[in-house]
Chemist: 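Right, I'll just put the structure down here and ask away after.
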Amino acid sequence: RGVGLMLGVEFRTPDQAAAVQEHSFERGLLVLECGKQTVRLCPPLIANSEDIRTAVRIFGEAVDAVAAHP
């Protein structure tokens, strides 16, 4: 859910959201929890396509890591 470049990805539990935030940070991607179980992605306006691909890859790896170890 979101408007423009700012997106929120909602998870089933607050613990999952916190774990995804932590795993993303460990991989070099800064995301923020917002609300109870949502992670906010808010890239800078100067992000290029390579930056976005990298961010999506890292975020996907973080989600996979959390899904593999619930």
Chemist: Looking at every heavy atom in both Ala47 and Asp51, which two are closest together, and how far apart are they?
Modeler: CA-OD2, 3.7 Å

Chemist: For Ala17, does its backbone N or O pair with a side-chain atom of Gln37 as donor and acceptor, under 3.5 Å?
Modeler: no

Chemist: Using 0.5 Å steps for rounding, measure from the CD atom of Gln21 to the CZ atom of Arg40.
Modeler: 10.5 Å

Chemist: Could you go through Arg53 and Arg57, starting from their C-alpha distance and side-chain angles, then the distance that decides it, and tell me whether this counts as side chain to side chain contact (heavy atoms under 4.5 Å, CB included)?
Modeler: CA-CA 6 Å; Arg53 279 193 296 275; Arg57 179 185 52 78; over 6 Å; no

Chemist: How far apart are the closest heavy atoms of His23 and Val66, and which atoms are they?
Modeler: CD2-CG2, 3.6 Å

Chemist: Could you tell me the separation between the CD atom of Glu33 and the CD atom of Gln16, rounded to the nearest 0.5 Å?
Modeler: 11.5 Å

Chemist: Can you find a pair of side-chain heavy atoms, one from Phe25 and one from Leu30, that are under 4.5 Å apart?
Modeler: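 In short, these two side chains touch, coming nearer than 4.5 Å.
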
Chemist: Any idea which heavy atoms bring Val31 and Ser24 closest together, and the distance?
Modeler: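 In this case the closest contact between Val31 and Ser24 is CG2-CB, 3.9 Å.
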
Chemist: Do Ile52 and Pro43 have side chains that get closer than 4.5 Å, going by heavy atoms?
Modeler: yes

